Amino acid sequence: MSDKKTYSPIGVFDSGYGGLTILKEIVKELPEHDFLYLGDNARAPYGSRSFEEVYDLTLECVKQLFDKGCHLVVLACNTASAKALRNIQQKDLPNIDPTRRVLGVIRPTTELAGNYTKTKHIGVLGTAGTVLSQSYPIEVSKFHPEIKVYQEACPLWVPIVESGKQNADDTDAEVKKHIDVLMSRSPKIDTIILGCTHYPLLINKIKKFVPEHVALITQGEIVAKGLKDYLQRHPEMDARCSKNSSIEFLTTGDANFFDENGGKFFGKEIRSKHLRL
Ligand code: DGL
């Protein structure tokens with residue numbers, strides 16, 4: 001445990017396990033920083049919840065991370081980034097503490113979208129919430145107006161991952177179904193963004209059904225590099241982040257299940273604590 005007087009980890013939030021795919025890459029870019037991960041597993045999935053629900057739950061979790069010393073929080077969740085980030089940044093932060101920051105995952109991903117596609121036809125797989133919010137088409141059009149975005153919601157994929165069934169045989173048909181629908185929207189799609197941080201946990205299944213010429217974009221490295229760049233551009237924030245190379249994990253769900261399931265994807269043993277909300 002880090003010295004509590006100076007403990008100011010970077011908070012990383014997700015509805016469940018998905019944010020671990022982001023944290024894993026962030027730690028590679030920023031090995032000296034302290035991190036505090038919070039997975040709201042007890043209330044996942046967020047993808048099928050209303051705008052208000054996602055906003056309320058996300059804000060509650062961000063406040064928890066602030067209370068535990070975080071000055072900077074990354075919403076490592078597309079659904080929360082799509083439905084809660086703007087309100088938290090514009091409405092809540094000025095009242096809570098205008099010097100703290102909350103960042104999302106959609107902007108850094110869409111900024112780089114132009115680097116990957118030659119045909120300018122991109123597919124996005126995401127939760128129903130992310131797809132309905134239209135955040136990807138809107139953000140992509142700001143940076144790359146020439147790119148066409150085709151979306152497909154995959155409402156069962158997060159529950160599959162949350163219940164640890166990502167390698168089960170009967171998951172194949174569910175994964176194939178959505179990839180086929182997405183590809184049928186435009187034969188020119190040459191790039192698919194996995195617009196949900198849970199989906200890299202299904203990457204082996206996804207690769208099985210995506211045509212070989214189509215590039216699959218996961219967000220971990222993109223967000224990690226974006227965060228490193230942000231801290232370089234904001235040295236005042238970097239100075240407020242403590243650096244003892246510690247990583248702590250909180251889950252609103254069952255800590256043993258989180259350790260067992262999440263550890264596989266984080267690539268290292270995880271010892272989480274239960275957080276009661
Ligand atoms: N990892 C979250 C995302 O990126 C999943 C949201 C959910 O709980 O449905 O959207």
Side-chain angles (χ1 to χ4, degrees), residues 11-26 37-62 73-86 88 102-110 123-139 151-166 171 174-175 178 192-203 206 216-224 226-227 249-253 257-258 261-262 264-266 277:
V12 178
F13 167 73
D14 182 50
S15 61
Y17 296 110
L20 293 172
T21 64
I22 303 286
L23 178 60
K24 190 175 163 185
E25 299 302 325
I26 293 179
Y37 185 88
L38 171 55
D40 192 8
N41 301 74
R43 303 185 295 192
Y46 277 18
S48 46
R49 292 181 182 273
S50 69
F51 183 96
E52 287 74 21
E53 276 179 313
V54 173
Y55 165 62
D56 287 345
L57 298 180
T58 304
L59 180 60
E60 188 183 10
C61 290
V62 167
V73 171
V74 178
L75 301 184
C77 175
N78 289 268
T79 311
S81 300
K83 291 184 154 189
L85 179 63
R86 184 183 296 240
I88 291 176
V102 180
L103 307 175
V105 289
I106 295 180
R107 207 185 164 93
T109 310
T110 52
V124 175
L125 296 165
T127 66
T130 299
V131 167
L132 284 174
S133 76
Q134 296 294 331
S135 296
Y136 271 94
I138 292 168
E139 289 296 321
Q151 303 189 91
E152 168 69 358
C154 315
L156 290 184
W157 289 16
V158 171
I160 286 171
V161 171
E162 284 293 310
S163 57
K165 296 202 177 111
Q166 54 282 340
T171 302
E174 169 60 25
V175 170
H178 290 294
I192 294 180
I193 295 174
L194 301 188
C196 171
T197 56
H198 278 67
Y199 295 177
L201 308 184
L202 282 165
I203 193 93
I206 296 171
L216 276 179
I217 308 300
T218 55
Q219 297 174 292
E221 276 182 36
I222 295 171
V223 173
L227 181 61
F249 299 89
L250 297 171
T251 174
T252 58
F257 190 64
F258 185 89
N261 206 24
K264 286 183 221 150
F265 304 111
F266 191 59
L277 289 181

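As the structure lists them, so they are numbered: ligands from 1, and atoms in each ligand from 1. Note that the structure is a prediction, hence the values are computed from the model and not measured.
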Enumerated ligand 1 atoms positioned under 4.0 Å from heavy atoms of [X]:
{"X": "His198", "value": "1 (N), 2 (C), 5 (C)"}
{"X": "Cys196", "value": "1 (N), 2 (C), 3 (C), 4 (O), 5 (C), 10 (O)"}
{"X": "Asp14", "value": "1 (N), 2 (C)"}
{"X": "Thr127", "value": "6 (C), 9 (O), 10 (O)"}

Self-check item: Minimum side-chain heavy-atom gap Asn41-Phe257 below 4.5 Å
Solution: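 Not in contact.
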
Quiz item: Would a 4.5 Å heavy-atom cut-off, applied to side chains only, mark Tyr136 and Asn78 as touching?
Solution: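 A side-chain contact exists here, since the closest heavy-atom pair is under 4.5 Å.
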
Return the closest protein heavy atom for [atom] as residue, atom name and distance.
{"atom": "atom 3 (C) of ligand 1", "value": "Asn78 N, 3.2 Å"}
{"atom": "atom 9 (O) of ligand 1", "value": "Gly47 N, 2.7 Å"}
{"atom": "atom 10 (O) of ligand 1", "value": "Thr79 OG1, 2.6 Å"}
{"atom": "atom 7 (C) of ligand 1", "value": "Tyr46 N, 3.1 Å"}

Exercise. Hey, can you tell me if Trp157 and Tyr199 have their rings parallel, tilted or perpendicular (30° and 60° cut-offs)?
Key: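 It falls in the perpendicular class, over 60°.
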
Practice problem: Mark yes when over 12 heavy atoms from residues, nucleotides or ligands other than Lys165 sit less than 6.0 Å from its NZ; otherwise mark no. | Solution: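 For Lys165, atom NZ is not crowded (no more than 12 foreign heavy atoms under 6.0 Å).
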
Practice problem: State whether the number of non-hydrogen atoms from other residues, nucleotides or ligands found under 6.0 Å of Glu174 atom CD is greater than 12. | Solution: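 Check passes, neighbour count above 12.
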
Quiz item: Hey, does the side chain of Thr110 reach the backbone of Arg107 with a donor-acceptor pair shorter than 3.5 angstrom?
Solution: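 Yes: the side chain of Thr110 pairs with the backbone of Arg107.
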
Check each heavy atom of [X] against ligand 1 and say whether those closer than 4.0 Å belong to the side chain, the backbone, both or neither.
{"X": "Ser15", "value": "side chain"}
{"X": "Thr197", "value": "both"}
{"X": "Val105", "value": "neither"}

Practice problem: Run the contact test for Cys77 against ligand 1 with a 4.0 Å cut-off on heavy atoms, strictly below, and give the result. | Solution: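 True for this residue.
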
Quiz item: Would you call Arg43 and Glu60 a salt bridge, using N to O less than 4.0 angstrom?
Solution: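 So Arg43 pairs with Glu60 through a salt bridge.
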
Quiz item: His198 and Glu162: side-chain donor and acceptor closer than 3.5 Å?
Solution: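 Checked: His198/Glu162 side chains pair up, N/O donor to acceptor below 3.5 Å.
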
